[in-house]
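Every heavy atom of this structure was used, including side-chain atoms; hydrogens, water molecules and symmetry mates were not.
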Amino acid sequence: MKITFKRLDHIMLCIPPGTEQQAREFYGGVLGLEELNDLGYPLPNGAIWFQMGDIQLHIRAEAVHDMSQRHPAFEVADLEAARAVMEQHGIPVKNESKIPDRNRFSFRDPFGNRIELIEMIG
């Protein structure tokens, strides 16, 4: 059994708490990215989302600590098959907050990097 990756869905970068306006000025103003304000649901954890070509860039404030939430998110064809692969290798998964039109979980690689897997639904 293997995981069938389809595409990169988004990347999340972290910023120091209190610098959200500076992030908007840089990513929206300097880089010219479109901020996604009304997706029909609240953005998780105060995140700021931008459209970047055919993927999204998610920005979130985070205090510095060892287990950062920074991560790439990859769309897969079958999330439950991916979960089975993780379980087969003894890799713990974390179910993430609900976002409409997608199921998702994350895991840490052997180096502590967070990786999110997403399956689009509906």
Should [X] and [Y] count as side-chain neighbours, where that means a heavy-atom distance under 4.5 Å?
X	Y	value
Glu34	Met52	no
Glu20	Ile48	yes
Val93	Ser106	no
Glu62	Ser68	yes
Phe74	Ile118	no
Asp101	Ile99	no
Phe105	Leu117	yes

Any link between [X] and [Y] through a network of hydrophobic side chains (Ile, Leu, Val, Met, Phe, Trp, Tyr) touching at under 4.5 Å?
X	Y	answer
Ile15	Met12	no
Leu8	Tyr27	yes
Ile11	Phe26	yes
Ile115	Ile55	yes
Val76	Phe107	yes

In Å and rounded to the nearest 0.5 Å, what is the [atom1] to [atom2] distance from [X] to [Y]?
X	Y	atom1	atom2	result
Phe50	Leu33	CZ	CG	6.5 Å
Cys14	Arg70	SG	CZ	4.5 Å
Lys6	Asp78	NZ	CG	10.5 Å
His10	Gln56	NE2	CD	8.0 Å

* With Glu75 as reference, evaluate Arg7, Arg102, Arg104 under the salt bridge (Lys or Arg N to Asp or Glu O under 4.0 Å) test and give the passing residue. => Arg7

* Does Glu87 have any side chain to side chain donor-acceptor pair (under 3.5 Å) partners at least two apart in sequence or in another chain, and if so, which? -> none

* Asked: Is the number of heavy atoms from other residues, nucleotides or ligands within 6.0 Å of CD (Gln22) greater than 12?
  -> no

* Asked: If you measure only the distance, is there a donor-acceptor pair under 3.5 Å linking the side chains of Asn103 and Arg83?
  -> no

* Flag, side chain of Glu119 to backbone of Leu79, donor-acceptor distance under 3.5 Å -> yes

* Shortest non-hydrogen contact between Ile59 and Ala23, atoms and distance -> CG2-CB, 4.2 Å

